[in-house]
Amino acid sequence: MKPLERDSSSAESRDTARPRIGLFGGAFDPPHNAHVALVQAAVLQLGLTRLHVLPTGQAWHKPRTLSAAHHRLAMARLAFDELPGVQVDPREIERDGPTYTIDTLRELQRENAGAQMVLVIGADQAAALTTWRDWQEVVRDAIISVAERDQPARTIPQFDFEKLSGARMERLQLPRMPVSATAIRTQLARAASGDKNASSLVPAPVARYIDHHHLYQTA
């Protein structure tokens with residue numbers, strides 16, 4: 001992991017005496033350029049000491065079967081390992097049973113006593129936050145940073161932090177990047193049939209890995 005160059009302007013109103021440990025989880029099936037942009041923005045805008053990128057293990061909330069965990073972990077490392085202040089963390093993949101954010105948060109709190117925990121999530125995840133296991137504890141123990149892309153109004157209902165006692169939220173601004181892993185998987189499947197190439201939507205090392213291992217060959 002490269003040393004982090006702090007963005008001092010992002011930490012003006014924060015307790016800079018305490019480390020700030022970020023968590024950013026996802027299937028990363030595959031990790032794409034919007035993920036990379038989000039991770040870079042989170043480290044700088046939120047003044048993070050370190051950001052743990054956490055590929056999902058056995059996801060309780062996913063309606064589809066994910067690609068093999070070792071492939072998703074390898075792609076995450078190719079996409080994020082060289083980014084300053086970022087650590088690809090395999091603990092959720094290595095954990096037995098379903099993956100829950102609260103378990104990861106508790107572990108990182110034990111490992112980083114006294115640090116502020118910052119959970120980085122997308123707007124769709126924020127809207128579903130109250131369905132998570134022990135979500136009240138998540139909101140109590142972590143600052144919630146919602147990544148907001150510069151895009152037209154969404155139909156997804158927004159999570160109302162104002163009505164949660166003690167909830168802390170920090171907004172994360174992202175450029176407009178209409179990219180999704182679902183669309184990329186579909187395009188890669190079409191590319192295998194000579195149709196549309198989606199390699200420009202993922203980091204180059206990830207594109208090479210996908211091609212070498214013949215991933216996403218069927219939609």
Side-chain angles (χ1 to χ4, degrees), residues 1 20-43 45-46 48-81 83 85-112 115-149 156 159 169-170 172 174 179-182 184-185 202-203 206:
M1 181 179 68
R20 286 169 60 88
I21 306 299
L23 299 77
F24 176 50
F28 303 118
D29 195 15
H32 50 67
N33 292 338
H35 287 140
V36 174
L38 186 155
V39 164
Q40 291 174 313
V43 171
Q45 290 183 32
L46 303 175
L48 299 179
T49 307
R50 184 172 65 255
L51 175 61
H52 289 253
V53 172
L54 298 142
T56 301
Q58 183 181 329
W60 61 270
H61 60 291
K62 289 286 186 183
R64 67 177 182 86
T65 301
L66 301 178
S67 297
H70 70 279
H71 284 315
R72 293 186 293 106
L73 178 59
M75 289 188 289
R77 284 174 169 158
L78 289 171
F80 304 116
D81 256 353
L83 299 181
V86 177
Q87 175 180 333
V88 176
D89 188 332
R91 74 180 70 214
E92 293 193 353
I93 281 177
E94 296 171 350
R95 186 181 299 148
D96 291 332
T99 296
Y100 296 108
T101 298
I102 185 59
D103 296 326
T104 301
L105 178 59
R106 289 167 178 163
E107 290 175 4
L108 286 172
Q109 284 178 310
R110 289 194 295 269
E111 295 167 13
N112 300 274
Q116 289 182 320
M117 295 291 143
V118 183
L119 178 63
V120 181
I121 57 178
D124 51 348
Q125 292 174 305
L129 184 54
T130 54
T131 67
W132 293 12
R133 170 172 286 192
D134 295 335
W135 67 267
Q136 296 95 335
E137 185 176 342
V138 172
V139 170
R140 183 194 71 199
D141 291 347
I143 297 168
I144 310 298
S145 177
V146 180
E148 299 180 337
R149 295 185 188 179
I156 298 173
F159 189 55
M169 188 180 86
E170 295 183 7
L172 176 61
L174 297 175
V179 179
S180 75
T182 301
I184 290 172
R185 289 193 300 272
V202 299
V206 174

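Worth knowing before you read on, the calculation uses all heavy atoms, side chains too, and leaves out hydrogens, waters and symmetry mates.
The ring-ring contact (aromatic ring centres under 6.0 Å, His included) check on His52 picks up nothing, with sequence neighbours excluded. Listed by chain and residue number, nothing satisfies the side chain to side chain donor-acceptor pair (under 3.5 Å) test with Asn33 (two or more places apart in sequence, or in another chain). In this view, Gln136 satisfies the side chain to side chain donor-acceptor pair (under 3.5 Å) rule with no residue, not counting sequence neighbours. Remark: Phe28 pairs with Phe24, His35, Phe80 by the ring-ring contact (aromatic ring centres under 6.0 Å, His included) rule, at least two apart or across chains.
Annotation for Leu174 and Ala37: closest pair CD2-O, 4.1 Å, computed over non-hydrogen atoms. The shortest heavy-atom contact between Met117 and Leu108 is CE-O, 3.5 Å. Shortest non-hydrogen contact noted between Asp81 and Val88 is OD1-CG2, 3.5 Å. Residues Leu66 and Gly57 approach most closely at CD1-O, 4.0 Å, considering heavy atoms. What you find for Gly22 and Leu51 is that their closest heavy atoms are C-CD1, 3.4 Å.
For residues 66-79, no pair satisfies salt bridge (charged side-chain N to carboxylate O under 4.0 Å, His left out), with sequence neighbours left out. Applying the salt bridge (charged side-chain N to carboxylate O under 4.0 Å, His left out) rule to pairs touching residues 25-37 yields Asp29-Arg64, sequence neighbours excluded.
Within the 3.5 Å criterion, the main-chain N or O of Leu119 finds no donor-acceptor partner in the side chain of Ser145.
At a threshold of 4.5 Å between non-hydrogen side-chain atoms, the residues Val206 and Pro31 count as touching. Side-chain contact between Gln125 and Thr101: absent, with no pair of heavy atoms (C-beta onward) separated by less than 4.5 Å. The shortest distance between side-chain heavy atoms of Val138 and Ile144 falls below 4.5 Å. Using a 4.5 Å heavy-atom threshold, the side chains of Glu111 and Ile21 count as separate. Side chains of Gln45 and Glu170 form no contact here, defined as non-hydrogen atoms less than 4.5 Å apart. Within the 4.5 Å cutoff, the side chain of Val43 has no heavy atoms near those of the Leu83 side chain.
Rounding to the nearest 0.5 angstrom, the gap separating the CG atom in Asp134 from the CG atom in Leu105 is 10.5 Å. Distance check: Ile143 CD1 to Gln116 CD gives 4.5 Å after rounding to the nearest 0.5 Å. For the atom pair Glu94 CD and Asp89 CG, the distance stands at 8.0 Å (nearest 0.5 Å). Between the OG1 atom of Thr49 and the CZ atom of Arg20 there is a distance of 8.0 Å, given to the nearest 0.5 Å. Expressed to the nearest 0.5 Å, how far CG of Asp103 lies from CZ of Arg133 amounts to 7.0 Å. Atom OG1 in Thr104 sits 11.0 Å away from atom CD in Gln109 (nearest 0.5 Å).
Here the rule is side-chain contact (heavy atoms from CB on, under 4.5 Å) with Val120, and of Val39, Val53, Leu172, Val146 only Leu172 fits it.
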- Message: Set out, in order, the CA-CA distance, both residues' side-chain angles and the distance that settles side chain to side chain contact (heavy atoms under 4.5 Å, CB included) for Arg106 and Asp141, then state yes or no.
- Response: CA-CA 9 Å; Arg106 289 167 178 163; Asp141 291 347; over 6 Å; no
